[in-house]
Undergrad: 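Below is a structure I'd like to ask you about.
Only heavy atoms go into these numbers, but all of them, side chains included; no hydrogens, no water, no symmetry mates. Computed from a predicted model, the values in this text were never measured in an experiment.
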Amino acid sequence: VRDQVEAHYRQMGYLDVKVGLPRMVEEETERVVVRVPVTEGAQAVLKAVEVVGAEQAQGLTEATRLVAGQVYVPALRNEAVSRVREKLVG
């Protein structure tokens, strides 16, 4: 459970998330509640988006579709890298 919770928070830009041990709490309603303590930390935000080192750098930064100020999301970064590769390869 901890790994799944941590992965979820990382996908939302909380790269320094700390997830504690799950704790089960029995309630009087014949239910069990699992509590997972989470310390999110700061949400990562892109300071700048720039593609460097490519001879055809023209248009590559725009191809990422990432913008400064947006929350850093690893899945969006992966998509951006794929778009840049496609543009370079043709």
Side-chain angles (χ1 to χ4, degrees):
V1 171
R2 288 175 67 192
D3 290 341
Q4 293 164 327
V5 171
E6 184 175 306
H8 174 73
Y9 274 86
R10 286 184 186 280
Q11 284 299 322
M12 294 188 315
Y14 295 99
L15 304 181
D16 294 327
V17 65
K18 304 287 186 247
V19 179
L21 293 172
R23 192 170 52 110
M24 293 200 312
V25 180
E26 291 185 37
E27 295 188 346
E28 295 176 17
T29 60
E30 298 180 13
R31 294 178 12 187
V32 173
V33 175
V34 178
R35 294 185 186 215
V36 181
V38 174
T39 304
E40 295 172 339
Q43 196 172 34
V45 175
L46 298 176
K47 276 186 157 181
V49 179
E50 183 178 5
V51 177
V52 295
E55 290 180 19
Q56 314 118 295
Q58 187 80 10
L60 292 181
T61 299
E62 292 79 16
T64 67
R65 298 185 194 152
L66 300 173
V67 294
Q70 84 179 75
V71 172
Y72 173 80
V73 177
L76 294 179
R77 186 243 9 241
N78 294 342
E79 291 172 10
V81 169
S82 293
R83 282 192 293 277
V84 169
R85 281 189 184 134
E86 287 175 22
K87 199 155 174 100
L88 284 171
V89 174

Undergrad: Any chance you could measure Leu46, atom CG, to Arg77, atom CZ, to the nearest 0.5 Å?
TA: 10.5 Å

Undergrad: Would you confirm whether Thr61, through its side chain, and Glu50, through its main-chain N or O, come within 3.5 Å as a donor-acceptor pair?
TA: no

Undergrad: Would you compute the distance between atom OH of Tyr14 and atom OG1 of Thr39 and round it to the nearest 0.5 angstrom?
TA: 12.5 Å

Undergrad: Count I, L, V, M, F, W, Y as connected when their side-chain heavy atoms are under 4.5 Å apart, and connections chain through other members. Are Val34 and Val17 then in the same cluster?
TA: yes

Undergrad: Quick check: is Val5 connected to Val32 through a chain of hydrophobic side chains (ILVMFWY, heavy atoms under 4.5 Å apart)?
TA: yes

Undergrad: Return the minimal non-hydrogen interatomic distance between Gln11 and Val73, and the atom names on each side.
TA: O-CG1, 3.1 Å

Undergrad: Do the charged groups of Glu6 and Arg10 touch, with an N to O distance under 4.0 Å?
TA: yes

Undergrad: Can you confirm whether Arg2 is buried at CZ, in the sense that more than 12 heavy atoms of other residues, nucleotides or ligands lie under 6.0 Å from that atom?
TA: yes

Undergrad: Roughly how far, to the nearest 0.5 Å, is NZ of Lys87 from CD of Glu62?
TA: 8.5 Å

Undergrad: With clusters defined by side-chain heavy atoms of hydrophobic residues (ILVMFWY) lying less than 4.5 Å apart, directly or transitively, does Val33 cluster with Leu21?
TA: no

Undergrad: Report yes or no: does Thr64 contribute a side-chain atom to a donor-acceptor pair with the main-chain N or O of Leu60 at less than 3.5 Å?
TA: no

Undergrad: Taking side chain as C-beta onward, heavy atoms only, is Gln70 less than 4.5 Å from Leu76?
TA: yes

Undergrad: Please tell me whether Met24 and Val36 are part of a single hydrophobic cluster in this structure, the criterion being side-chain heavy atoms less than 4.5 Å apart.
TA: yes

Undergrad: For Ala48 versus Ala68, what's the shortest heavy-atom pair and its separation?
TA: CA-CB, 4.0 Å

Undergrad: Do Val45 and Tyr72 belong together in a cluster built from hydrophobic side chains that touch within less than 4.5 Å?
TA: no

Undergrad: Identify the two heavy atoms, one from Arg83 and one from Ala63, that lie closest to each other, and give their separation to 0.1 Å.
TA: NE-O, 2.9 Å

Undergrad: Does Asn78, at its CG atom, have more than 12 non-hydrogen atoms belonging to other residues, nucleotides or ligands within less than 6.0 Å?
TA: yes

Undergrad: Give a yes or no on whether the backbone of Met12 and the side-chain of Gln43 come within a donor-acceptor separation of less than 3.5 Å.
TA: yes

Undergrad: When rounded to the nearest 0.5 angstrom, what is the spacing between CG in Leu15 and CD in Glu40?
TA: 12.0 Å

